[in-house]
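One structure is given below, encoded as structure tokens.
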Amino acid sequence: MPSGHKLSDKPSKYQPLIDLLTGASGDEVTLTYKEVAALIGGPLPETAVLQTTWWRGKRYDHVQAWQALGWRAHASAANRRVRFTRDGEEGRDE
């Protein structure tokens, strides 16, 4: 797995989340939206809270970054949490 993956050359507020996933030792990481907001130092965009596609849309840089590390996001708007699983692990949107 690549280490030290950066979203881009310019600073990104999502880099702490990428760093957390980079250093994760297990095959699953579950965070509440509130925990993600604390990690990135501010609120999530409204689309992240209301639409689970924000967590898996391939056109987004933040999604491309965690997918490049081998992670997939499975978000639950109803439960306000996201579960990241490594590629190859069974994952379903909650």
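Heavy atoms only: backbone and side chains are in, while hydrogens, waters and symmetry mates are out. Start at 1 with the first residue, then count along the sequence.
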- [ ] Decide side-chain contact (heavy atoms from CB on, under 4.5 Å) for Val82 and Tyr33; before the verdict, give the C-alpha distance in whole Å, the side-chain angles of both, and the deciding distance to 0.1 Å.
- [x] CA-CA 7 Å; Val82 60; Tyr33 289 177; 4.3 Å; yes
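- Counting only distance, with no hydrogens or angles, the side chain of Glu28 and the backbone of Phe84 share no donor-acceptor pair below 3.5 Å.
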Can you list, pair by pair, the side-chain donor-acceptor contacts under 3.5 Å of residues 41-50, counting residues two or more places apart and other chains?
none

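- Leu20 is linked by a side chain to side chain contact (heavy atoms under 4.5 Å, CB included) to Leu17, Val29, Leu31, Leu39, counting only residues two or more places apart in sequence or in another chain.
- Residue Asp61 holds its CG atom at 11.0 Å from CH2 of Trp66, rounded to the nearest 0.5 Å.
- Atom CD of Gln67 is separated from atom CZ of Arg56 by 10.5 Å, given to the nearest 0.5 angstrom.
- For the residue pair His62 and Ser12, no side-chain donor N or O sits within less than 3.5 Å of a side-chain acceptor on the partner.
- Note on residues 62-80: pairs passing salt bridge (charged side-chain N to carboxylate O under 4.0 Å, His left out), not counting sequence neighbours, are Arg72-Asp87.
- Under a 3.5 Å cut-off, the side chain of Arg86 and the backbone N or O of Gly26 do form a donor-acceptor pair.
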